[in-house]
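From a predicted model like this one, the values you see are computed outputs, not experimental measurements. Heavy atoms only: backbone and side chains are in, while hydrogens, waters and symmetry mates are out.
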Amino acid sequence: MPYSVKKILGDNKDFLQNKKTAQQALTGWNTLPAQTKKLLGDDTDFLNKKGNATGALNSWNSMPENVKKLLGNDVYFQNKKGAAASALKAWDAMPENVKKMFANNADVLSKKKGVADAIAQWNSLSPKQQKLLAQNLTGDGVSKAQKAIDSLPKKRRIQL
């Protein structure tokens, strides 16, 4: 036998120590409950989660700093989310006829535009023009109202 083989076979102190350590580890493993062995032995779930976490970390690291800041400090978003939730709650609490009025408001918006146009036209007039126009438009109505008042009896009997 060559000397190198004799030396390996003759100097087996390291081998014996490794055998002893392996034997102790095996004894320890055999004393573990089956559930613990399964948890330690089946690391598929852990490896999947590690992969997902690594992907998420790489995604985070590749984001620009302003986006990280926006995502990391979401106070503004949380405030808007709360306001939206409150508005939705208020909407849900409204009677159906009011909701319908808000939802079908084309007529209201059209009339609002007409009023806004009329106000803009009125505001474009000089004060003298506004006074003259106001007197001309109300004169007939004032006259009719005064005649109606004048036609009422001057005295009225009240019986008790």
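Shortest non-hydrogen contact noted between K68 and M63 is CE-O, 3.4 Å.
Atom OG1 of T31 and atom CG of L26 lie 10.0 Å apart (nearest 0.5 Å). To the nearest 0.5 Å, atom NZ of residue K81 and atom OG of residue S86 are 11.5 Å apart.
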Exercise for review: Please report the C-alpha distance between K37 and N30 in whole Å, then the side-chain angles of each, then the deciding distance to 0.1 Å, and finally whether the side-chain contact (heavy atoms from CB on, under 4.5 Å) criterion is met.
Suggested key: CA-CA 9 Å; K37 286 181 187 177; N30 289 335; 4.3 Å; yes
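Crowding of Q121 atom CD: a count of heavy atoms from other residues, nucleotides or ligands under 6.0 Å not exceeding 12.
No donor-acceptor pair under 3.5 Å is formed between the side chain of S59 and the backbone N or O of G55.
Taking a 4.5 Å side-chain heavy-atom cut-off between Ile, Leu, Val, Met, Phe, Trp and Tyr, the cluster of V115 extends to I119.
In this structure, the side chain to side chain donor-acceptor pair (under 3.5 Å) partners of D117, at least two apart in sequence or on a different chain, are K113.
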